[in-house]
Every structure is written in C-alpha cells, then in structure tokens.
Amino acid sequence: MYFDTHAHLDDRAFDADRAEMLRQIREAGVKLVIDPGCEPESCRKAAALSEAYDWIYFAAGIHPEELESDTPEALEETAVLAAHPKCVAIGEIGLDYYWDDRHREEQKALFRRQIALALERELPVIVHDREAHGDCLEIIRGYPELRGVFHCFSGSAEMAEELLRRGWYLGFDGPVTYKNARKTPEVLAICPLDRILLETDSPYLSPVPRRGRRNDPGNLRYICERIAELKGTTPQTVAAAALKNGCELFGIRIPARNGEAG
Ligand code: NI
C-alpha cells in the first residue's frame, strides 16, 4: 500500500487521461495521494479532485515560482481553501533560487505569510527548497512549533539532521534513483524510517527506469525500492512506514488493507 504525499494530479499533463491514470494507480497499490496546489487555479482543481475521490487529499499554497500570484486576493483564496475538510497542509510553498534568483525577498515574504496561515490553521507545511537551503532553514528556525516536510529533500546530511531534530519529515522522490544522487545515501543513513515520506512530484521527476516519460504515482514503487536498498530493508517495510508517517503528519486515518480511505 503506497501513499504518494506529493503528486500534481491536477496538472495539465493528465487532462487527456486523468480518470484512467487514477484507475491504474489504484490497481498498482496507491492507497492515498496528496495533490499540492501551486497557485489558486491549481488549488481549486486539486480541491475538486479531492471531492471526487475519497482517497485524494490536497494542500493549498502559492509556489515560489508563482510569484505573480502573490496578491491579496490569491492569499485570501488560499486561506479559504485551507479550511476545506480535505485540505491537509499549506503547500507547496518555499524558496526557489534556481528558477528565480532575482526576487529572493519577495519569495521569503510570501513563504512567511503562508507559514503564518499554516500555524493559524494548525496545518503542516509542504516545503519546496531548491538551491535555497540556508534561507529555508533560517526561516524555519524562526517557527519552532511549525511542522511539515521538506519535499524532494536535496540538502546535506547536516541539514537533514537539524530538520529531524526539529521534528520535520523528509520527502524522497525520483532523483534518489539517479546515478548522480550522491548525497542521498548519506541523508538516508541518518534519516530513520519513521521520518521518510515517499513522493513522486508527478508529472515531473520520473524515477529510473521511467526517466524522461510522464511520471505518475504508480511509479512510487521504484523510489520505494531504491530507498529499501539503501536502508537495507524490504520495500514493504519502507512503504508501510511512509504510509504511517504521512497519515500521522497530515492527520489522515490509515486506510484498511482492502478498504477505502477514511
Ligand atoms: Ni511539486
């Protein structure tokens, strides 16, 4: 049973065959999915999917690459969606200095405003940190009561250690299967099983051997298998731990073995 805590099911890449793809991933053992919104329109779509499928949940947030959506109206809409019964986190939020290195202060301000919303609603956050490790950590340190996941964690083992000490979870995606994933073994060596989340970031970041093709949550097993290999355990153990971790962090009832999500 797999829980993909990060898949953009609302993405345009799935428009032509979304229902069929969702049927197939269920058959592949995916029991729960969280669809993190990136700006108001994708948040609305993710919310609609969560209403149509009881096993899909969503997160509401404005992604750092969507700075043009940083308006009072969009933030108000994010706050309204955060009160939706299937909204389990504020995300995907954070800092991205890879795509946009010119608006660091604007990104930080938007990140902080959305952290404040998460704390107000007592929701965890889903953090996007791309080439902004130092600033992300510095901001997180300012909110010791905040919890969440560093999505597609790409920091050092030292950074992982600090996040784990602060009660955070680490998300692992397709890149753990890439040959050049040098830091992953060190990070996984210090990350206990009870802090690992499995994510695909579909439709992006397809794992080996699906690299270069559209990603979907059915590929979570490749990520799970690689982590099991690095941790010296079975894929079943990793999948079960990640499912439990995701349900704990996001406040979701663990689905019965053959039943539907609650
Ligand atoms: Ni994402």
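Just so you know, ligand 1 is whichever comes first in the structure, and atom 1 is the first atom listed for that ligand. Residue numbers run from 1 in the order of the sequence given. This is a predicted model, so every value here is computed, not measured.
Not a single N, O or S atom of Glu199, from either the backbone or the side chain, sits less than 2.8 Å from the Ni ion (ligand 1). Here Cys152 fails the criterion, with no N, O or S atom under 2.8 Å of the Ni ion (ligand 1). At least one N, O or S atom of His8, from either the backbone or the side chain, sits less than 2.8 Å from the Ni ion (ligand 1).
Both Leu164 and Val176 are part of a single hydrophobic cluster, where members link through side-chain heavy atoms under 4.5 Å apart.
As for Asp201, its N/O/S atom nearest the Ni ion (ligand 1) is the one called OD1. Checked against the Ni ion (ligand 1), the N, O or S atom of His6 at the shortest distance is NE2. Of all N/O/S atoms in Glu92, OE1 sits nearest the Ni ion (ligand 1).
Not a single donor-acceptor pair under 3.5 Å links the side chain of Asn219 to the backbone N or O of Asn215. At least one donor-acceptor pair closer than 3.5 Å links the side chain of His63 to the backbone N or O of Glu65.
Using the six-membered ring where Trp is involved, His6 and His151 have ring planes that are parallel, under 30° apart on the 30 and 60° scheme.
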Decide yes or no on side chain to side chain contact (heavy atoms under 4.5 Å, CB included) for Leu123 and Val88, but give the supporting numbers first.
-> CA-CA 7 Å; Leu123 288 171; Val88 293; 5.5 Å; no
